[in-house]
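The structure appears right after this line, and notes come after that.
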Amino acid sequence: MKKVTIVEVGPRDGFQSVSCMQIPTEEKIAIIDRLAEAGVQHMEITSFVSPKAIPQMSDAAAVAEYALKKYPDRDYFALVPNLRGAANAYALGLRKVCYVVSLSTSHNKANINRTHEQSLAAFREIRETYPDLQLDVDLATTFGCPFEGKYLDPQQPVEFLRPYWEAGMRSVTLCDTIGIADPAQVRRVLCAVKEAYPELAVQVHFHDTRGLGMVNTLTALEIGVDGVQTALGGLGGCPFAPGASGNLSTEDTVWMLNEMGYDTGIRFAPLLAAAKAQKEAVPGNYSGHHICVEKETPCQF
Ligand code: COA
Ligand code: ZN
């Protein structure tokens, strides 16, 4: 059985998109518990960002503290935009964070108010300050930007990543922040990145704005990636990327991969129950399909 690493990002990418209410911390924790029970081993549980930028993430410390204590052996990590975020995460005991930077200069400015030079300088600063921290990179808008359009040259992300590789990046997630990628582009970009950096771990993160999240993810899996990111229920949409919808949904992805004979390590029934419970408790933009199916046909796994 071919193993595949599914990385759940709903508690960060999904929850951050919810602006009509402050989701109670207990509710976030309950959903993380349900995901953990379904077998989710890899999860972005929150982000250590400015509460002025994303008020929804202002309980990052409480969420992280809970998850770290309850699941010390799992790969549960957080997103950070700067040294301050990394310091806060590190102080709580987290030893893995994802540092976010956008390939697009205008999205980088809108999202984290930094130039590319400032973002690179901050990455180096975090790398040097916390040598024992696993510092992965989320490359937002890899495939296109809400302000600048689609990126057609696969060498653009390759060259952008070079100073990060030289500064110690050993894992990157290529993020399709606005759901603009197509399978041919995914193939071109992934092949170029893998050829340029054979030692780099590469993951993918697709939003489902145009219904292409699944085929893009499958394309990436067939080429070979170290993980695919998805969000429970397909909840989401970047608050700083107008028009973006949620990530590809975790339960839709797990259902397909389980049926295809991949080993996801995740049980579908409790996962779907978690997605349905989340939809009841958290109003938002859901792109998942299984949560709309009233009567579930028993599946193989
Ligand atoms: N955690 C908590 N607070 C933080 C912080 C962090 N990581 N970084 C900065 N702050 C606080 C500062 O203390 C300051 O507060 P004050 O006004 O009360 O003094 C305020 O936030 C602004 O800080 P500043 O350094 O001037 O940053 P900025 O206004 O240029 O914003 C970011 C830059 C990166 C902090 C902000 O844009 C951000 O958090 N973006 C995250 C966006 C995001 O999560 N997008 C979705 C994920 S891809
Ligand atoms: Zn995203």
Side-chain angles (χ1 to χ4, degrees), residues 6-36 38 40 43-67 76-81 85 88-89 97-98 100 102 107 110-113 138 140-141 146 173 175-179 205-210 213 229-253 271-292:
I6 306 257
V7 183
E8 170 64 46
V9 296
R12 195 278 300 172
D13 210 356
F15 291 167
Q16 78 178 16
S17 71
V18 177
S19 53
C20 62
M21 70 180 280
Q22 185 66 31
I23 309 166
T25 306
E26 304 72 51
E27 190 62 55
K28 294 180 180 175
I29 283 171
I31 292 165
I32 289 171
D33 279 340
R34 276 175 167 272
L35 285 160
V40 173
M43 197 181 333
E44 192 166 64
I45 49 173
T46 188
S47 58
F48 289 86
V49 299
S50 163
K52 284 182 184 148
I54 313 257
Q56 188 62 255
M57 293 287 117
S58 56
D59 60 357
V63 171
E65 224 163 359
Y66 174 86
Y76 289 0
F77 58 95
L79 177 142
V80 302
N88 290 346
V97 295
C98 259
V100 61
S102 300
H107 185 263
N111 196 35
I112 48 174
N113 195 25
D138 263 4
T141 68
T173 302
C175 301
D176 184 18
T177 310
I178 56 168
H205 169 122
F206 294 112
H207 283 253
D208 208 23
T209 317
R210 293 167 179 78
Q229 297 196 341
T230 56
L232 190 67
L235 174 66
C238 173
F240 302 101
S245 84
N247 294 71
L248 177 62
S249 98
T250 308
E251 64 280 6
D252 291 352
T253 311
L271 184 69
L272 178 60
K276 288 188 169 177
Q278 178 181 284
K279 199 177 177 203
E280 285 293 306
V282 179
N285 172 20
Y286 287 86
S287 68
H289 294 277
H290 277 91
I291 42 173
C292 304

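Just so you know, these numbers use all the heavy atoms, side chains as well, and skip hydrogens, waters and symmetry mates.
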How about V49 and V80: do any of their side-chain heavy atoms sit closer than 4.5 Å?
-> no
Looking at D208 and G213, what are the two nearest heavy atoms and their distance?
-> OD1-N, 2.8 Å
Could you tell me whether a side-chain N or O of S287 sits under 3.5 Å from a main-chain N or O of G234, the two making a donor and an acceptor?
-> yes
Value for CG (D13) from CD (E44), rounded to nearest 0.5 Å, stands at 7.0 Å
Any chance you could measure R12, atom CZ, to F48, atom CZ, to the nearest 0.5 Å?
-> 13.0 Å
Of all heavy-atom pairs linking Y76 and I45, the shortest is CB-CG2, 4.0 Å
Taken in chain and number order and not counting sequence neighbours, the residues that satisfy side chain to side chain donor-acceptor pair (under 3.5 Å) with T25 are D59
Between OG on residue S249 and OH on residue Y286, distance to nearest 0.5 Å | 11.5 Å
Looking only at heavy atoms, what is the nearest atom pair of A231 and E8, with distance?
-> CA-OE2, 3.4 Å
With sequence neighbours excluded, residues passing side chain to side chain contact (heavy atoms under 4.5 Å, CB included) with P51 = S58
Applying side chain to side chain contact (heavy atoms under 4.5 Å, CB included), run through L79 and V97 and close with a yes or a no.
-> CA-CA 6 Å; L79 177 142; V97 295; over 6 Å; no
Taking all non-hydrogen atoms of both residues into account, name the closest pair between L35 and L232 and its distance.
-> CD2-CD1, 3.9 Å
Distance col, row K28:NZ vs M57:CE, nearest 0.5 angstrom, shows 4.5 Å
Across all chains, not counting sequence neighbours, the salt bridge (Lys or Arg N to Asp or Glu O under 4.0 Å) partners of E251 are none
Checking T177 side chain against T141 main chain: does a donor-acceptor pair fall under 3.5 Å?
-> yes
Measure across N285 and S245 and return the closest heavy-atom pair with its distance rounded to 0.1 Å.
-> ND2-CA, 3.7 Å
For Q56 and V18, indicate whether the former's side chain and the latter's backbone hold a donor-acceptor pair under 3.5 Å.
-> yes
Would you confirm whether Q278, through its side chain, and L235, through its main-chain N or O, come within 3.5 Å as a donor-acceptor pair?
-> no
D252 side chain to H289 backbone, donor-acceptor under 3.5 Å = yes
Under 3.5 Å, is there a donor-acceptor pair between the side chain of R210 and the main chain of G179?
-> yes
pair I6-T230: side-chain heavy atoms closer than 4.5 Å | yes
Side-chain donor-acceptor contact under 3.5 Å, D176 with H205 = no
Hey, what do you get for CZ (F15) to CD1 (I23), rounding to the nearest 0.5 Å?
-> 5.0 Å
Reported OG-to-CD1 distance for the pair S19 and I54, which is rounded to 0.5 angstrom = 10.0 Å
Any donor and acceptor pair, going by atom type alone, linking the side chain of S50 with main-chain N or O of K52 inside 3.5 Å?
-> yes
So, for I291 and G233, which heavy atoms are closest and what is the spacing to 0.1 Å?
-> CD1-O, 3.8 Å
